[in-house]
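Each chain gets a letter, A, B and so on, in the order the sequences are listed, and its residues count up from 1.
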Amino acid sequence: MAATRRKKPNASKEELLAYYRDMLLIRRFEEKAGQLYGMGLIGGFCHLYIGQEAVVVGAEAAAKEGDQRITTYRDHGHMLACGMDPNGVMAELTGREGGYSRGKGGSMHMFSKEKEFYGGHGIVGANVPLGAGLAFANKYRENDNVTFTYFGDGAANQGQVYETFNMASLWKLPVIFIIENNQYAMGTSLKRASSSPALYTRGAAFGIEGEAVDGMDVLAVKEACLKAADLCRKGEGPYILEMNTYRYRGHSMSDPAKYRTREEVQKMRETRDPIEHVRELLTLGGDATDDELKAIDKEVRGIVNASADFAQESPEPALEELWTDVYA
Amino acid sequence: MPRMTMIEAIRDAHAIAMEDDPDVVVMGEDVGYFGGVFRCTAGLQKRFGPSRCFDTPISELGIVGTAVGMAAYGLKPVVEIQFADYMYPGYDQIVSEAARLRYRSAGEFTCPLVIRMPTGGGIFGGQTHSQSPEALFTHVAGLKTVVPSNPSDAKGLLLAAIADPDPVIFLEPKRLYNGPFDGHFDRPSVAWNRIEAGEVAEGRYEIPLGKARVVREGADATLLAYGTMVHVALAAVEESGADVEVIDLRTLLPLDLETVTASVAKTGRCIVLHEATLTSGFGAEVAALVQAECFYALEAPILRVAGWDTPYPHAQEWDYFPGPARVARAIQTVMEG
């Protein structure tokens, strides 16, 4: 069944095709990561982003050169969306020399100075003050960069988030706090963990404005992020965006997701899928042909397969690597 | 040469670092307008402006986390945690982020951050204003831990810490801020700027991290100390009459094991001192290293003199504090061994 949102998109065909491709890349990449995990090629933790693709792709569409991004442990999508090399991401998942952190970080801990990607942080909420610090540095350097600081509905209950809100607002830092509300903090639903589930209002006590956004609609995400980024660039930050989204898979690979019904997930997939949404915008208007979309599917599969090959062919890190990068 | 208190020397180091490098910023509770609870940052905001030296809310976790982000982007934050005892809320950021950023990004990002905190007892601060938590930092790979014992070292070590590309925990023995303290709490204290030991060279100089200093040469035994206990050690040696070598470790991690083992190989006897509680304290680490390196040179078991395994007391501070009498007894024991 088709997505329910039907309005003429405020975006060009090229733009929509780009979103379609970027979201599809994340989904196929994550599916492949799940497969490799099942085959025992990825060990430890692996948190898939499937279902949430519109959030990061929409946000990246609002970013400009020099903006930074920092996120939590569900980070593969963020890295792909900001242009990091899928080979390097997949090879970090398999713990190989060719991985972004040469196997030292794993799924939750990857970085790229080139793409201004500041991780990949495994402690829930711990990346949030870092995001404010990056924004502080922007202000100190007097550039007009904005820091996209992502965290989840679970992290929204961490104390350090509120210490950060206070400082970010006090110092008017150019930071967008993007709360990816995927409804579940591991297995605890929002209403079982949060006294006030309207997370976008959580900055009110600190004078930070916020709004709720349909996080399954890449265009809505982009629009909201553009507005927030614009405010931040004008010195009117910080800003909170609560992205209402949904993760289709379990919290991690070991999570059978028994805290929700199969029907709930199925309904979300059928009615609100972010990729199907863009596909419909592209095809219903007659703008894009099946062939064009198939060509993208093919390109994406090629990239993902190549990353999986690379992640298996790349050598394991040398033993000496254990001891490097502890200190300068 | 000018004489300074340790407070003035630390202030001087801040000013030099800020003058030399516009990326150095000083932040913490009350460090700006007020000038720091112990006045270590007094005048910096006025001189360098509120963007270079600024007050933060009372949010240690947020302060350290924000500073880590700033450091990752290339600034050099110097953070003051008002008392080492207030560090615990920020410990997650120190351990999980500051210490590990370099490793988990395979060197892509670093964290050139200094976290200063007044440490130790001797001021009747009770259990939340007297602790010595150095072992909680030396246990964490990725951190360096420094404890100066006099104004000149404090300045040179702090400048080296700020220049260091990795996160450095800088523990300032608060009982030494205004003058040396040898544990004789019933005697009048002398200010650093009244004695030769308070001389501090002008301008920039750095004392490299990881270098200990032989404070007093001796042949019979080696006393290893840092911070306030350096002064206690010297007093105890004086009173015991033995010819004991006293080494100020200055940096706990990286530890100058070479200087330590050269001394113990010479004397054959070793005592490690610290104010912090005994069990799992830094002395245990030093003792293990010394016995492994100097086993065949040892004439007696290595002893530790440390705080008792209790919370830091209030009224009974001087029963807890490992003063010169306890150290002198240990010297006697090790000499008999």
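- For a residue to count as touching a neighbouring chain, one of its non-hydrogen atoms must lie under 4.5 Å from one of that chain's; by this rule A67(B) does not touch chain A.
- Residues T56(B) and W171(A) form a side-chain contact, since some pair of their non-hydrogen atoms from C-beta on lies under 4.5 Å apart.
- Within a 6.0 Å sphere centred on CD of E236(A), other residues, nucleotides and ligands contribute more than 12 heavy atoms.
- Contact between G62(B) and P129(A) at its shortest, heavy atoms only, is O-CB, 4.0 Å.
- Taking the ring centroids of F136(A) and F54(B), they lie under the 6.0 Å cut-off.
- Proximity of Y73(B) to R141(A): side-chain heavy atoms (C-beta onward) are separated by under 4.5 Å at one or more points.
- If you measure heavy-atom distances from L173(A) to chain B, you find no contacts under 4.5 Å at all.
- Proximity to chain A is absent for every atom of V64(B), based on heavy atoms less than 4.5 angstrom apart.
- With contacts defined as side-chain heavy-atom distances shorter than 4.5 Å, the pair D164(B)/Y327(A) does not qualify.
- Heavy atoms of other residues, nucleotides or ligands lying less than 6.0 angstrom from OH of Y205(B) number more than 12.
- Note on I123(A), T164(A), V161(A): by heavy-atom pairs under 4.5 Å with chain B, the leading option is I123(A).
- When heavy atoms are compared at a cutoff of 4.5 Å, E114(A) approaches chain B solely by way of its backbone atoms N, CA, C and O.
- A donor-acceptor pair shorter than 3.5 Å can be found between the side chains of H121(A) and R104(B).
- Contact annotation: the side chain of L130(A) approaches that of Q93(B) to within less than 4.5 Å [non-hydrogen atoms, C-beta and beyond].
- For S105(B) against F111(A), the heavy-atom pair with the smallest separation is CB-CD1, 3.1 Å.
- Using a 4.5 Å cut-off between heavy atoms, F165(A) does not touch chain B at all.
- A 4.5 Å side-chain heavy-atom check between P57(B) and E163(A) finds every atom pair outside the cut-off.
- Here CZ of R102(B) is found 10.5 Å from OG1 of T324(A). Values are rounded to the nearest 0.5 Å.
- Top candidate by heavy-atom pairs under 4.5 Å with chain B, chosen from G103(A), A126(A), G105(A), is A126(A).
- The number of heavy atoms from other shown groups lying within 6.0 Å of OH (Y200(A)) does not exceed 12.
- Around the NZ atom of K113(A), the shell of radius 6.0 Å holds more than 12 heavy atoms that belong to other residues, nucleotides or ligands.
- Counting non-hydrogen atoms of neighbouring residues, nucleotides and ligands closer than 6.0 angstrom, the CD atom of E206(B) exceeds 12 such neighbours.
- Pairing each heavy atom of L61(B) with each of Q160(A), the nearest pair is CD2-CB, 3.3 Å.
- Heavy-atom distances place no part of T147(A) under 4.5 Å from chain B, backbone and side chain included.
- Annotation for Y86(B): atom OH counts as buried by contact number, over 12 foreign heavy atoms lying within 6.0 Å.
- Between chain A and the options V25(B), I58(B), L143(B), the largest number of non-hydrogen pairs under 4.5 Å is found for L143(B).
- Residue V95(B): no heavy atom, backbone or side chain, is found under 4.5 Å from chain A.
- Of the two parts of T110(B), neither the backbone nor the side chain holds a non-hydrogen atom closer than 4.5 Å to a non-hydrogen atom of chain A.
- How far OH of Y103(B) is from CD of E321(A): 7.5 Å, rounded to the nearest 0.5 Å.
- Of the listed residues P167(B), A99(B), P22(B), the one with more heavy-atom pairs under 4.5 angstrom with chain A than any other is P22(B).
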